[in-house]
Structures are given as C-alpha cells and as structure tokens.
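Worksheet: one structure, shown below.
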Amino acid sequence: MGARLIDGKALAQQVRDRLAVESAAVLAKTGMKPGLATILVGDDPASHQYVKSKQKACDAAGIYIDDHKLPASTTQAELLSLIEKMNADPKIHGILVQLPLPKHIESRVVLEAVSPDKDADGFHPYNFGRLVEGNPVFEACTPKGVIKMLESTGIAIEGKRAVVLGRSNIVGKPLALMLLQRNATVTICHSKTKDIASVCREADLLLVAIGKAKFVTADMVKEGAVVIDVGTNRWTDGKLCGDVDFEAVSQKAGWISPVPGGVGPMTIAMLLDNTVESAKRMAGMK
Ligand code: NAP
C-alpha cells in the first residue's frame, strides 16, 4: 500500500477523549451533563444497532442519554409531541431522530419539528441554510467528520480541486458546501454526470458518497490524491466495503480512508461533538 491511512477509528477516539473533558466541564459549571435524546421508531435491526453504538459512545464521553424506543405503530402526531417535549427539556441539548422512519411518517415534517437549537444531526433546513450562508451552527455529522479527517492529514484544503461524488442532503451537498467554505474549488458529481472518471482524475481531494460498492477504481484517481470513502456497502462475500476499491486505489492515492474504520466512527464522534457544543452554547461557555 502506497497511500497513508486516514484512521477514522483512532481520530474518533481522540475526539471522544476531548469531549469527556469538555462534558465534565459542563457538568461542573451547570450541574448537568450534556444531554442527547435518541428517538427510534420501529424494529429495523440496523437502526437499533446504530443507536446502540451512538449511545455507547455518548456514555464513554460523559453524555447523558434520554432513550426513546417507540413501536412501528407510533403516529406522526405522537412522535411530534415527544419531540416538542424534548425541545422544551432543559436536560436535553441535542435530539437524534434515527432514520429511516416508518413510511406513514413524513421525515421532513419530523426533522423540521426538532428545535434548530438542538439539531445534533444538523438536518434542519435552518442549519442547512446557515451552512449555505457560510455561517454554520450545527453541521451534519458525516460531512463534518470527513472535514476533520481531511484536516488530520495536514494537507491544506484551500486552493485544492475537490470532487464530491454524490449530492444527497445529508452527505454530498453539505460536504461540498463545507469544502467551498474552506476555499476549495468544488465539483459535485451525481448519477447523471458524464465521464465521471475524467472529473475524478482532476481531484486533489476525492470524497465519495454514492453507495456503490468499489465504484471508484485506480484509473479514476490522480497520483497522490486524498481519497475519503463514505460508502457503506456489502461486497459479494458479505463483507462491509466502501465505494472505493481500497486495495487498488491505495496503490495510487497519497492518503486513503478505510471502510470499516473510516468515516463511520467519525460520524458518531461528530454527533457527540454537536451535542457537547450545544450544551456549551446553552451554558454560555462559548
Ligand atoms: P443517497 O441519498 O442514496 O445518495 C446517493 C448519491 O449518489 C446521489 O446523489 C446519486 O445521484 C449518487 N449516485 C448514485 N449512483 C451514482 C453513480 N453511479 N455515479 C455517480 N453518482 C451516483 O446516499 P447517501 O445517504 O448520501 O449515502 C451514500 C453512501 O454513504 C451510502 O453507502 C451510505 O450507506 C453511506 N453513508 C455512510 C455514513 C457513515 O457514517 N459511514 C453516513 C451516511 C451515509 P442522483 O442524485 O443523481 O441520484
């Protein structure tokens, strides 16, 4: 492997260690730990696993968890009423509504019901708008984690040619805006982009979030580029893999993040970071 590894797992541990100290400072000043409400509707095993991992990480970082597991039959009105309660609860500084929600509930309505001041996932249109303005408060966890991973390499983002594959509202678009805010020259590719390989080859920073296993091959990557892989897919052997052909691309890239052990742990760490930041803001500590 020629490329240097961007170890998301190790970086996430560093973030959690820092947050444990900051949480203790919030507790000392206010008598309350930073608090995260986790809301999960239904029985999706993957969602239960995600929430469990997030809660475990919160625990390690001294964050109080208010856990709400609701049956799949929960109505939209019942869910909105719980969110209203969490919005008003002074022990809660962040609210996580685990997606996907059951089909009879409109995710957009629910995410907009979360107070923008407790929007730990950064999905509220107010916070998205603040990011568009270049003046963010809560930033979406996955792209925020990708930026921290880029910064960990010590390579300047400013002036670089960044290519983002994927334009979802939770990863591709906010990531492109965060790169723009840091003065990269940004291109966003999507499923209708023509000759995506040649666009990718121009990238100093290649950020991939499309959900297609091993889509990015070595011939699509510039020598020495920084490649960060957001994708989470199952390969034909059942093993977890990213959107990048790690084995081949790591021979050509300068830096590369693995899957698993890359963006996933950083996404969770940024949820914790957003919660602690929120608690500090509410306590007048920043
Ligand atoms: P999404 O909402 O499905 O969006 C996928 C994006 O990729 C769309 O913009 C789509 O283009 C584009 N796309 C699909 N096929 C393409 C192709 N062949 N060429 C170019 N662009 C293509 O997905 P997402 O939520 O952003 O997630 C992307 C991946 O990241 C998934 O594997 C997901 O599991 C993973 N993920 C991981 C984490 C983590 O913490 N590790 C967090 C979030 C997501 P159109 O807009 O034209 O359809």
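As the structure lists them, so they are numbered: ligands from 1, and atoms in each ligand from 1. Starting from 1, each residue takes its place in the sequence as its number. As a basis for the values below, the full set of heavy atoms in this structure was taken, side chains included, without hydrogen atoms, waters or symmetry mates.
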Kindly identify the option in [options] whose heavy atom sits closest to [atom].
atom                    : options                : result
atom 12 (C) of ligand 1 : V171, I210, I170, V199 : I210
atom 23 (O) of ligand 1 : G264, A213, S168       : S168
atom 11 (O) of ligand 1 : S191, C241, S257       : S191

**OP:** Specify the closest pair of heavy atoms between H93 and T275, including all atoms of both residues, with the distance to one decimal.
**Re:**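 That would be CB-O, 3.9 Å.
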
Original post:
Purely on distance, is any nitrogen or oxygen of K192 under 3.5 Å from one on ligand 1?
Top reply: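 K192 vs ligand 1: no N/O contact under 3.5 Å.
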
Subject >> Any N/O pair D243/ligand 1 closer than 3.5 Å >> reply: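 No.
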
Subject >> Which residue and heavy atom of the protein sit nearest atom 8 (C) of ligand 1, plus the separation >> reply: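 Scanning the protein heavy atoms, the shortest distance from atom 8 (C) of ligand 1 goes to R167 N, 4.0 Å.
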
Go through ligand 1 atom by atom and flag the ones less than 4.0 Å from a non-hydrogen atom of [X].
X    : answer
I196 : 19 (N), 20 (C)
G166 : 6 (C), 7 (O), 9 (O)
A209 : 6 (C), 7 (O), 28 (C)
G211 : 28 (C), 29 (C), 31 (C), 32 (O)
N233 : 32 (O)

Subject >> Sub-4.0 Å protein heavy atom near atom 3 (O) of ligand 1 >> reply: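 Answer no: nothing from the protein, no heavy atom, is under 4.0 Å.
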
Original post:
Just checking, is any N or O donor in the side chain of R161 or T187 under 3.5 Å from an acceptor N or O on the other one?
Top reply: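 Yes, because at least one side-chain N or O of R161 sits under 3.5 Å from a partner of the opposite role on T187.
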
Original post:
Would R18 and D273 pass as an ion pair if we require N to O under 4.0 Å?
Top reply: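 Counted as a salt bridge, because a side-chain N and a carboxylate O are separated by less than 4.0 Å.
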
Subject >> Distance, nearest 0.5 Å, that separates NZ of K85 from CD1 of I95 >> reply: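 CD1 of I95 is found 12.0 Å from NZ of K85.
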
**OP:** Run the numbers on D59 and Q55 for side chain to side chain donor-acceptor pair (under 3.5 Å), then give the verdict.
**Re:** CA-CA 6 Å; D59 220 36; Q55 290 175 335; over 6 Å; no

Original post:
Below 4.0 Å from any atom of ligand 1, is there a heavy atom belonging to L165?
Top reply: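 Under 4.0 Å: no for L165.
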
Subject >> Criterion side chain to side chain donor-acceptor pair (under 3.5 Å) on D229 and S257, from CA distance to verdict >> reply: CA-CA 6 Å; D229 189 354; S257 74; 5.9 Å; no

Original post:
With a cut-off of 6.0 Å (strictly less than), are more than 12 heavy atoms of other residues, nucleotides or ligands near OH of Y50?
Top reply: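 No, because the 6.0 Å sphere around OH of Y50 holds 12 heavy atoms or fewer from other groups.
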
Subject >> Backbone of E139 reached by a side-chain donor or acceptor of N274 within 3.5 Å >> reply: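 The answer is yes, because a donor-acceptor pair under 3.5 Å joins these two groups.
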
